[in-house]
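Here the structure is laid out as structure tokens; the discussion comes afterwards.
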Amino acid sequence: MTVVKVRVRFSPAPTGYLHVGGARTALFNWLYARHVDGTFVLRIEDTDAANSRDELVDGILRTLRWLGIDWDEGPFRQSERVELYAAAVARLLADKAAYYCACTREQIEARMKGSANQGYDGWCRDLGHTSGAVRFRSPDDGQTVVHDLIRGDVVFEHATIEDFVIQRTDGSAVFLLANAVDDVDMGITHVIRGEDLLPSTPKVLLIRGALGVPDAPVYAHLSLIVNEKRQKLSKRRDDVAVEEYREKGYLPEAMRNYLALLGWSPSGDEEIVPVERMIAEFDVTDVTPSPAFFDVRKLEAVNGEYIRALPVATFVRDCLPWLEMDPPWPPERFDLAVFERVAPFVQERVRVLSEVRAIVDFLFLEHPVIDPDSWAKGVARVPEAGELLDDAAGAYATCPWDPVALREVTAASAEARGLKLAKAQAPIRVAVTGRTVGIPLFESLHVLGRERTLERLHRAKERLSAL
RNA sequence: GGCCCCAUCGUCUAGUGGCCGAGGACACCACCCUCUCAAGGUGGCGACACGGGUUCGAAUCCCGUUGGGGCUGCCA
């Protein structure tokens, strides 16, 4: 018995950026290929020239690489394999398994009006046209069974399958034909793709049969990823471009891990698992058949976990794009050494990397941006705010400049005023950072320096007095 | 309309006839820790869509109902 090596393929159409659904399909193909030590083929389905653009292909490849999904063969482009499709169509035509059709959409609809059936009625089957679109002659009876690893056997009655177009009037192949030809030519053994393609599977199988290919690949139709209304994600309405998540500061490992959780789960109670373990445990048969909602909040939680698990130096490096590109502070004021000192505190407070700038901006801005709500809550509505600010300014002018000492003198002030430290630190925090929340205050002051701290305390006092 | 798929906490899931008075994760709530916010810890809320079968026994098998979704293009 010969053991046939598993060959899978991810075949996106470059009609837009790679979206989360496509990314998950690619991921599951990749995980399966790596799990069984098979071959992962990348194929670009760009038979529709009008809707395909080169830069979109580049974007898809870039995103796959970012996610750590590598391919063993390809990328092949269907636009470069047109002779193969033309030859296949010629053969089907010669075998009377396909025929030319000259009907327009309008003519078909006019004929079908009032009929219970929809789709094409086979009008041109025996008219002997020699030009136009080419339609596959679907059998009138019998059935095709799709053997699906996730859904079991799915039966399609041939009577419900219309004579579908396999070649456009301009001579280009439709994906059904190209798909059938390529999967045979590339020796694809397992087809893992979205459930939206399930109804097209019997058509592809019919084409393969007419082309003289007796066997079929094993199919696995993944459930769709849906939005809050439980509809298939739409590029237009939903936030689905993987590239956008990258730009917001999601880590590729986190995105990959989250995507894998949609329809699959690792053994045990841990959901955050290294990719090696995913590969070791992944099997398409274990994938859930029901649709999954793309929950950004859970993605954020997963991303937060990945961020916290990073070595600090790596975290700092990963943050650089957000600190250096179009920052809210004058670029020349940015000081990497300063950021490195507070990085450990920042790291456990962000869920996406783009959040770092708002947490550390006070360190690089000439003056902190005072958040109105924070001012109201932390200063204006605190009766002792003025006194606390004065106490701090006085004590900070002479005390040793380290977090412990700063905390001590601040606590002493609080106690003298009959306040808890938690309450007393608020006006100071707002004065210096602009907000009531943030990284530990005394560490912040320490990094900021005595001079700038005192200056900010005085400005806040002036602002308070002016009201 | 026709064809097809799906159905466990709000969400993602574990569960393949007895181990389930249904487990985990996210979210939410409470408490603890605490200079704020986080992080961390503890606890809580919370589901087998419905109706029939099959069986000694059903979340698990079968049928139906209902609900949701996909496809129905000379896009893929």
Side-chain angles (χ1 to χ4, degrees), chain A residues 11-15 22 45-48 50-52 101 103-105 115-120 132-135 146 148 150-151 154-157 159-162 164-176 178-179 193-202 221 223-224 226 228-232 258 261-272 288-295 297-302 304-305 308 345-351 359 374 378 403 406-407 410-411 414 420-426 428-430 433 435-444:
Chain A
S11 46
T15 54
E45 306 223 328
D46 55 352
T47 58
D48 181 35
N51 290 320
S52 301
C101 168
C103 298
T104 62
R105 190 78 228 155
S115 163
N117 295 327
Q118 292 217 336
Y120 186 67
V134 177
R135 286 185 182 274
V146 176
D148 193 289
I150 295 173
R151 286 152 219 290
V154 184
V155 181
F156 293 89
E157 295 294 333
T160 66
I161 300 175
E162 64 173 329
F164 51 93
V165 173
I166 55 176
Q167 186 180 75
R168 305 185 185 91
T169 300
D170 67 4
S172 61
V174 167
F175 91 103
L176 293 164
N179 207 278
R193 27 127 75 150
E195 185 192 359
D196 49 342
L197 272 333
L198 184 50
S200 76
T201 306
H221 285 95
S223 64
L224 264 17
V226 299
E228 61 289 333
K229 291 162 74 178
R230 306 219 62 93
Q231 294 165 323
K232 176 182 171 182
Y258 175 67
L261 258 21
L262 260 23
W264 179 77
S265 61
S267 63
D269 285 344
E270 291 296 314
E271 293 188 322
I272 309 289
T288 323
S290 47
F293 168 60
F294 188 78
D295 187 354
R297 292 207 292 181
K298 179 139 182 176
L299 205 211
E300 279 181 10
V302 172
E305 284 219 37
R308 273 173 257 125
F345 303 116
V346 177
Q347 189 172 5
E348 64 181 23
R349 286 170 174 75
V350 296
R351 309 188 108 192
I359 294 185
S374 293
L406 285 164
R407 181 194 162 118
T410 309
K420 290 239 172 87
L421 179 55
K423 183 91 172 177
Q425 56 90 44
I428 301 168
R429 180 182 291 278
V430 174
T433 73
R435 302 186 186 84
T436 54
V437 301
I439 56 177
L441 178 61
F442 305 113
E443 312 286 347
S444 299

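The shown structure was predicted, so the numbers you read here are calculated from the model rather than taken from an experiment. Here is how names work: the chains are called A, B, and so on, in the same order as the sequence lines, proteins then strands, and each is numbered from 1.
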- Item | Reading 5' to 3' through nucleotides 4-13 of chain B, protein heavy-atom contacts under 4.0 Å coded B for base, S for sugar-phosphate only, - for none | SBSS---SBS

In Watson-Crick or G-U wobble terms, both distances under 3.5 Å, what is the partner of [N]?
{"N": "B:C3", "value": "B:G70"}
{"N": "B:U34", "value": "none"}
{"N": "B:C45", "value": "none"}
{"N": "B:G64", "value": "B:C50"}
{"N": "B:A25", "value": "B:U11"}

Which is true for [X] with a 4.0 Å heavy-atom rule: it touches a base, it touches only sugar-phosphate, or it touches nothing?
{"X": "A:Ile439", "result": "base"}
{"X": "A:Leu176", "result": "nothing"}
{"X": "A:Ala426", "result": "nothing"}
{"X": "A:Arg193", "result": "nothing"}

- Please determine if A:Lys298 and A:Glu271 form a salt bridge, counting it only when a charged side-chain N lies under 4.0 Å from a carboxylate O.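 Judged by the 4.0 Å cut-off on N to carboxylate O distance, A:Lys298 and A:Glu271 do form a salt bridge.
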
- Query: Closer to the 5' end of RNA chain B via nearest nucleotide, is it A:Arg407 or A:Cys101?
  - Reply: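 Nearest-nucleotide comparison on RNA chain B picks A:Arg407.
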
- Item | 5'-most by nearest nucleotide on RNA chain B - A:Asp170 or A:Gln425 |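 Counting from the 5' end, the first nearest nucleotide belongs to A:Gln425.
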
Spacing of [X] atom [atom1] relative to [N] atom [atom2], expressed in whole Å:
{"X": "A:Arg135", "N": "B:G73", "atom1": "CZ", "atom2": "P", "answer": "9 Å"}
{"X": "A:Glu45", "N": "B:A76", "atom1": "CD", "atom2": "C1'", "answer": "7 Å"}
{"X": "A:Glu305", "N": "B:A38", "atom1": "CD", "atom2": "C1'", "answer": "14 Å"}

Non-neighbouring partners of [X] that pass side-chain hydrogen bond (donor to acceptor under 3.5 Å, both in side chains), sequence neighbours left out:
{"X": "A:Thr410", "answer": "A:Tyr396"}
{"X": "A:Asp170", "answer": "A:Ser172"}
{"X": "A:Arg429", "answer": "A:Gln425"}

- Task: Could you check which of B:U36, B:C71, B:C74 has an atom nearest any side-chain atom of A:Asp196?
- Result: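 The nucleotide sitting nearest to the side chain is B:C71.
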
- Under the side chain to side chain contact (heavy atoms under 4.5 Å, CB included) test, which residues partner A:Pro202, sequence neighbours left out?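 Partners of A:Pro202 under the side chain to side chain contact (heavy atoms under 4.5 Å, CB included) test: A:Thr144, A:Val146, A:Phe156, A:Ile161.
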
- Query: Between A:Arg435 and B:U36, is there a side-chain N or O to OP1/OP2 distance below 4.0 Å?
  - Reply: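 False: A:Arg435 side-chain N/O out of range (4.0 Å or more) of B:U36 OP1/OP2.
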
- Short side-chain N/O contact to B:C71 OP1/OP2 from A:Lys232, under 4.0 Å: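 Yes, because at least one side-chain N or O of A:Lys232 sits under 4.0 Å from OP1 or OP2 of B:C71.
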
- Who are the ring-ring contact (aromatic ring centres under 6.0 Å, His included) partners of A:Phe164, not counting sequence neighbours?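 With neighbours one apart ignored, the set is A:Phe136.
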
- Query: Roughly how far apart, to the nearest Å, are B:U60 and B:A22 at atom P?
  - Reply: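 Those two atoms are separated by 16 Å.
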
